[in-house]
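Model, not experiment: these values are computed from the prediction.
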Amino acid sequence: MKFLDLARPLLENPSILKIGQNIKFDIQVLANYDIEVKGTLFDTMIAHYLLEPDMRHNMNLLSEIYLSYSPVHIESLIGEKGNSQKNMRSVPDEKLKEYAVEDADVTLQLKEIFEPKIRAEGLEPLSSKIEMPLIPVLALMERNGVILDTEELKKITYGLREDIISLEKEIYVLAGMEFNISSPKQLGDILFIRLKLDDKARLTKTRQFITNEEILQRLAHKHPIVDKVLEYRGLKKLLSTYVEALPQLIDARTGRIHTSFNQAVAATGRLSSNNPNLQNIPVRDERGREIRKAFVPAPGCIFLSADYSQIELRLMAHLSKDKNMIADFLSGNDIHAATAAKIFGVDIKDVTREMRGKAKTANFGIIYGISSFGLSERLNIGRKEAKDLIDGYFNSYPGVKIYMEKSIKKAREAGYVTTMFGRRRYLRDIQSRNQMARGNAERNAINAPIQGSAADIIKIAMIRINDKLKSGSFKSKMILQVHDELIFETVESELDNLREMVIAEMSGAASLDVPLKVDWGTGKNWLEAH
DNA sequence: CCCAGCACGC
DNA sequence: GACGTACGTGCTGGGT
């Protein structure tokens with residue numbers, strides 16, 4: 001009897017607990033053999049992520065820390081990573097056995113340590129109701145993948161290449177010499193030494209000239225080369241990071257792109273995505289948006305995109321219990337306009353674009369714990385005006401200021417802050433005498449509960465939606481998560497049912513003092529649906 | 001091979 | 001006087 005035939009009934013038995021380190025990986029390997037792992041999961045990597053979200057969670061490290069034991073490194077079996085790295089299949093059975101058994105032993109020992117710690121720290125519900133059940137959901141989304149229309153991408157490629165070459169030529173003429181525009185060092189020397197665009201130019205810590213977008217924007221009026229450089233940078237980024245890289249990641253077996261969702265990287269509880277990162281596909285800039293047209297549904301399908309509207313600001317309203325902010329959300333008015341009306345003391349119908357823009361920046365800044373200096377930099381206004389704006393903000397929403405102070409106080413006293421669902425973030429620098437370290441910790445004390453609660457909520461929605469997809473025998477697939485947005489490859493006949501279900505599960509995932517509003521769109525590519 | 005600087009997303 | 005908005009991934013250049 002083959003091993004798989006022996007293992008299958010155990011792995012597929014829903015009443016047998018599965019303990020592992022990075023179980024999503026095992027689920028994917030077993031899925032290749034048509035084994036569907038069922039039953040409750042306990043993943044030591046995820047457990048440690050909940051216990052110490054800022055740390056790394058690989059098994060050898062955990063073993064060294066918690067078991068004072070250094071397991072065999074995989075490299076000693078299959079060699080260093082690189083071209084010559086061998087496959088697990090090439091490892092002699094005797095060695096493989098030792099490795100596999102040790103791996104299982106260490107994992108079980110770690111579980112015995114982490115499980116009581118999870119319980120002791122009040123993390124059990126977050127663990128057993130959200131993080132562990134999410135593992136197979138992410139595994140399925142990864143296997144689902146998404147189709148990339150390479151012909152559509154090719155169309156973009158030619159235009160980009162041409163424009164980059166002509167920009168390159170124009171830049172060389174304007175600079176009076178050729179240089180590597182992609183080298184910040186060379187570019188800085190051209191702009192600030194050769195062309196003398198700013199005699200007070202700021203330097204990076206490695207004493208190069210800063211040439212980032214913010215600095216260049218301010219210089220744009222001084223010389224035509226600056227805009228060309230900005231455009232060149234943007235187009236190069238699109239070409240190298242997306243247009244040229246994405247087609248290389250199409251899986252030969254499925255013909256689709258399969259990202260990895262990492263559940264144990266972001267210290268706030270968010271997911272991250274890599275190989276490729278499908279959470280940073282361009283959308284703001286007109287030229288970049290074109291790339292989204294290349295993400296398409298399977299024949300007979302249509303994309304449904306559903307996203308939480310202003311979830312972080314709604315969480316600020318909920319967590320702070322600020323009466324005015326709650327009222328602004330309940331009114332159904334545009335929140336940034338409502339904020340502007342309060343800050344500037346005008347009727348909401350008299351709010352100008354400029355006022356709304358400032359209020360919007362202030363709203364974002366508040367979530368991130370911004371200072372008056374930060375806000376003045378961002379809005380390109382004076383320190384005084386920025387301070388007045390912030391004072392106006394706190395007068396409008398006094399509960400928000402109190403909440404921010406309370407968050408910092410909680411961090412000082414407990415050493416950590418928590419999300420709505422008990423996720424912790426330790427802020428060890430909150431007492432630091434180093435201003436920068438302490439400031440950082442204080443901003444995290446404000447941001448982590450908000451960003452983290454939003455992450456908790458969308459994870460709950462994803463689990464419930466996945467359950468409904470199964471129980472309702474939908475053929476539609478959940479394929480992507482982008483922090484506050486879920487994307488589905490929808491069988492067209494299921495669209496109405498699916499949309500209704502998705503919106504209900506997303507808005508019902510948590511009960512706040514303000515509604516959890518969900519916006520949605522559909523389309524024959526990701527740009528249309530967004 | 002690693003880090004810095006930069007740019008994309010939320 | 002310096003610092004100054006959270007969380008990520010990935011590219012290129014440039015030094016080792």
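Below 30°, between 30° and 60°, or above 60°: for A:His57 and A:His48 the angle between ring planes is above 60°, a perpendicular geometry.
For A:Pro184, whose side chain is taken as the heavy atoms from C-beta onward, the closest listed nucleotide among B:dC8, B:dC10, B:dC6 is B:dC6. Counting only heavy atoms from C-beta on, A:Arg383 has its side chain closest to C:dG4 among B:dA7, C:dG4, B:dC8. Distances were taken from every side-chain heavy atom of A:Thr204 (C-beta onward) to each of C:dG14, B:dC8, B:dG5; the shortest belongs to B:dG5. Of all nucleotides listed (C:dG13, C:dA6, B:dG5), C:dA6 comes nearest to the side chain of A:Arg270. For A:Val265, whose side chain is taken as the heavy atoms from C-beta onward, the closest listed nucleotide among C:dC7, C:dT12, C:dT9 is C:dT9. The nucleotide whose nearest atom lies closest to any side-chain atom of A:Gln451 is, among C:dA6, B:dC6, B:dG9, C:dA6. When distances run from any side-chain atom of A:Asn274 to the nucleotides B:dG5, B:dA7, C:dG10, the shortest one goes to C:dG10. Of the candidates B:dC10, B:dC8, C:dG4, B:dC8 carries the atom nearest the A:Lys237 side chain, counting heavy atoms from C-beta on. Listed nucleotides C:dG15, C:dG10, B:dC6 differ in distance to A:Lys185; the shortest reach to its side chain belongs to C:dG15. Closest approach to the A:Arg425 side chain among C:dA6, B:dG5, B:dC8 is made by C:dA6 (side chain taken as heavy atoms from C-beta onward).
Under 4.0 Å is where a charged nitrogen must lie from a carboxylate oxygen, and between A:Glu354 and A:Lys358 at least one such pair does. Salt-bridge check for A:Glu170 with A:Lys228: passed, with a basic side-chain N closer than 4.0 Å to an acidic carboxylate O. Checked for salt-bridge contact, A:Glu121 and A:Arg423 miss the test: no charged N lies under 4.0 Å from a carboxylate O. Classification of A:Lys24 and A:Asp43 as a salt-bridged pair fails, no side-chain N sitting under 4.0 Å from a carboxylate O.
In this structure, A:Asn444 reaches the C:dC7 phosphate: one of its side-chain N or O atoms is under 4.0 Å from OP1 or OP2. In this model, the phosphate group of C:dA6 is approached by a side-chain N or O of A:Asn440 to a distance below 4.0 Å at OP1 or OP2. Dashed line: the shortest gap from a side-chain N or O of A:Ser183 to OP1 or OP2 of C:dG14 is under 4.0 Å. Regarding contacts with the backbone of B:dC6, a side-chain N or O of A:Thr211 is found under 4.0 angstrom from either OP1 or OP2. Regarding contacts with the backbone of B:dC10, a side-chain N or O of A:Arg284 is found under 4.0 angstrom from either OP1 or OP2. Checking the phosphate oxygens (OP1, OP2) of C:dC7, no side-chain nitrogen or oxygen of A:Thr268 falls inside 4.0 Å. One finds a side-chain N or O of A:Thr206 lying less than 4.0 angstrom from the OP1 or OP2 phosphate oxygen of B:dG5.
A:Ser507 and A:Val518 get closest at one heavy-atom pair: N-CG2, 3.9 Å.
In a base pair of the Watson-Crick type (N1 to N3 plus N6-O4 or O6-N4) or a G-U wobble (N1-O2 and O6-N3), with each distance short of 3.5 Å, B:dG9 is matched with C:dC7.
Atoms CD1 (A:Ile370) and C1' (C:dA6) sit 11 Å apart, rounded to a whole Å. Rounded to an integer number of Å, the gap from CG of A:Asn275 to P of C:dC11 is 9 Å. Rounded to a whole Å, the CH2 atom of A:Trp526 is 11 Å from the C1' atom of B:dC10. The interatomic distance linking A:Lys205 (NZ) with C:dA2 (P) rounds to 16 Å, in whole Å. Rounded to whole Å, the distance from CE on A:Met436 to P on C:dG4 is 6 Å. One interatomic measurement links the two molecules: CG of A:Leu191 to C1' of B:dC6, which rounds to 14 Å at whole-angstrom precision. Between A:Asn262 atom CG and C:dG10 atom C1' there is a gap of 15 Å when expressed in whole angstrom units. In this structure, A:Phe209 atom CZ and C:dG14 atom P are separated by 15 Å, rounded to whole Å.
At a cut-off of 3.5 angstrom, counting only N and O atoms as typed in the model, there is no donor on one side facing an acceptor on the other between the side-chain of A:Glu213 and the base of B:dA7.
Heavy atoms of A:Ala267 sit under 4.0 angstrom from primed sugar atoms or phosphate atoms, though from no base atom. A:Ile210 comes within 4.0 angstrom of the backbone, heavy atoms only, and of no base. Residue contacts shown for A:Gln186 are limited to sugar-phosphate atoms, with no base heavy atom under 4.0 Å away. Nucleic acid contact for A:Gly439: none, since no nucleic acid atom lies under 4.0 Å from a heavy atom of the residue. The residue A:Lys236 sits apart from the nucleic acid: no heavy atom pair falls under 4.0 Å.
Straight-line distance between the P atoms of C:dC3 and B:dC6: roughly 15 Å, to the nearest whole Å. Taking atom P in both C:dG1 and B:dA7, the straight-line distance is 31 Å, to the nearest Å. A distance of about 27 Å separates the P atoms of C:dA6 and B:dC2, rounded to the whole Å.
Checking each of A:Thr339, A:Asp322, A:Asn324 against A:Tyr397 for a side chain to side chain donor-acceptor pair (under 3.5 Å) leaves exactly one that passes, namely A:Thr339.
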Problem set entry | side-chain contact (heavy atoms from CB on, under 4.5 Å) assessment of A:Asn440 paired with A:Asp429 | CA-CA 8 Å; A:Asn440 216 356; A:Asp429 288 334; over 6 Å; no
